[in-house]
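Order of the sequence lines fixes the chain letters, A, B, ..., with proteins taken first and strands second; residue numbering starts at 1 for each chain.
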Protein chains: 2
Amino acid sequence: MSAANLRARVRAEMTEEIKTVARRHLATDGANLSLRAVARDLAMASSAVYRYFASRDELLTALIIDAYDAVGERAEQAAGRGATPLAKWLAAGHAVRDWALEHPHEWALIYGSPVPGYQAPQNTVVPATRVLLLLGATLAEAYHAGQLTEPATTTTGGYADELTELAATYYPGLPGWVVGATISGFFHLCGAISSELFGQLNHSVDGDRRGFFEFQMRGAGRLAGLVG
Amino acid sequence: MSAANLRARVRAEMTEEIKTVARRHLATDGANLSLRAVARDLAMASSAVYRYFASRDELLTALIIDAYDAVGERAEQAAGRGATPLAKWLAAGHAVRDWALEHPHEWALIYGSPVPGYQAPQNTVVPATRVLLLLGATLAEAYHAGQLTEPATTTTGGYADELTELAATYYPGLPGWVVGATISGFFHLCGAISSELFGQLNHSVDGDRRGFFEFQMRGAGRLAGLVG
DNA sequence: CGAAAAGCAAGAGCACTGCTCTCGTTGTGG
DNA sequence: CCACAACGAGAGCAGTGCTCTTGCTTTTCG
């Protein structure tokens, strides 16, 4: 039994080692991850890697899930240190941005354009919503504390109904516009970071990009109804 | 001389044909464009394609420039039909979104995560700013017509200075915050479309995505100071 | 007008990729 | 102890980007 545990542990270690090397390759060479190159770095035959990951896509999926978890973890920790909802909002935003700047290629993997031919499997859905849920919880807290004012821009028919449904399902007791504000805020976050990382800000915002991001997050917070 | 023109014309036609087939491959197979597959579709040797494009990256660059121009053209035309600044703002937004929905892979090429190993050359910079400049012109028009109010969220030090500089360079006579509103609006646009195209809205906004986008564009306009 | 030069297409070839299959080896549970 | 499952390595297939050489056509110029 201890032997079996040893075998399983070796396998787990090997799996982790492959992922680590793959992450390193991702950081240097970009998204076209070469399984053979990873195998070379590990001084093993490329075919041996297939004992641990059935395909390159499966390895990518593992990295994606890890990335979702890592950025979610960072955001949650940062938000936990905020005193007011607005402080949590901003802290979470900066935490996500910092993580993205540290791991640009992993960010591209999870929030960039889909990898050609890669279809995200179902088990990436749950970790993907971690940051979104954090923002939602922050706004919900603000709402219950009376620190959230309904924004002036109203939603149109179809989308408004959808928000009401979502609210009823995931946040009972919360009006639909809070869910709408959450989604808007989340995509503001992604958009601001992606535009910075993917080069859309080149020749427009070349200096104080943290300032730009702060400005965007404050605007998003304001648009969401956060005051303070 | 006419013979020389004929030769040049044949070459131009061939170049265009390669791009057309490449675009078709892009639309079906995604971003990992295979030069050999394109050559096969054209019933020519893969090496022959290199007479027209020195590398796969150069072909991608040509497609990128075309895409920038195409989406810019559509946005400008749509904005031209708008009566008020806000109408132009919304029309341009929907035009860009419509184009993106029609050409998702080309959108990913220009506004998605950078293609691995591909570095955008300098000659893509000018066409890339076309939509940004359109938004800027729209806001400038609104400003001069007294239909733009300075937003309450103020910019912080470093970023504010940068905006003032940008305004002095590109939009003399305009305050920095209008430039800031332009940039914010542009990345709002990109973010909203990308989040829809790249699947970030899955399981959040599955129904009325046009309504979602409209809501976002109105919010961005409001954040930029557009009234009406 | 004919020779030189330039443009072009094709094929072979190199190094690389993901992935599969087979073949020994090695460790494990009954 | 031994059958069996897990494992690593190697060969091999089909595909990729790209280069180089070879032959052919078209243009250009003396």
[X] [atom1] - [N] [atom2] separation (whole Å):
X	N	atom1	atom2	value
Tyr52(B)	dC18(D)	OH	P	18 Å
Arg51(B)	dC18(D)	CZ	P	15 Å
Leu60(B)	dT16(D)	CG	P	15 Å
Asp29(B)	dG15(D)	CG	C1'	13 Å
Leu59(B)	dG17(D)	CG	C1'	12 Å
Leu42(A)	dC7(D)	CG	P	15 Å
Ile18(A)	dG8(D)	CD1	C1'	12 Å
Met14(B)	dA9(C)	CE	C1'	10 Å

**Message:** Using only atom types and a distance under 3.5 Å, with no angle test, would you say the side chain of His25(B) pairs donor to acceptor with the backbone of Leu33(B)?
**Reply:** no
**Message:** Has Trp89(B) got a side-chain atom pairing as donor or acceptor with Met217(B)'s backbone, closer than 3.5 angstrom?
**Reply:**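 Confirmed, Trp89(B) side chain pairs with Met217(B) backbone.
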**Message:** Taking the minimum atom-to-atom distance to the side chain of Met44(A), which one of dC7(D), dA9(D), dA10(C) wins?
**Reply:** dA9(D)
**Prompt:** Which word best sums up how the rings of Phe215(B) and Tyr159(A) line up, parallel for under 30°, tilted for 30 to 60°, or perpendicular for over 60°?
**Reply:**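 Answer is tilted, since the angle falls between 30° and 60°.
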**Presence of salt bridge, Arg74(A) and Asp98(A), under 4.0 angstrom** =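 Answer for the salt bridge query: no.
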**Request:** Indicate, with a heavy-atom threshold strictly under 4.0 Å, whether Phe53(A) touches base, sugar-phosphate, or nothing.
**Result:**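 Result for Phe53(A) = nothing.
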**Modelled atom types, side-chain donor and acceptor of Gln216(A) and His188(B), under 3.5 Å** = no
**Prompt:** Can a donor-acceptor pair be found between the side chains of Trp107(A) and Ser113(B) at a distance below 3.5 Å?
**Reply:**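 Per modelled atom types, Trp107(A) and Ser113(B) side chains form no pair under 3.5 Å.
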Short heteroatom pairs, N/O only, protein and nucleotides 12-18 of chain C, under 3.5 Å:
residue	atom	partner	partner atom	Å
dG13(C)	O6	Arg36(B)	NH2	3.4
dT17(C)	OP1	Ser34(A)	OG	2.8
dT17(C)	OP1	Arg40(A)	NH2	3.3
dT17(C)	OP2	Arg40(A)	NH1	3.2
dG18(C)	OP1	Leu33(A)	O	3.0
dG18(C)	OP1	Leu35(A)	N	2.5
dG18(C)	OP2	Leu35(A)	N	3.2
dG18(C)	OP2	Arg36(A)	N	3.0
dG18(C)	N7	Arg36(A)	NH1	2.4
dG18(C)	O6	Arg36(A)	NH1	2.8

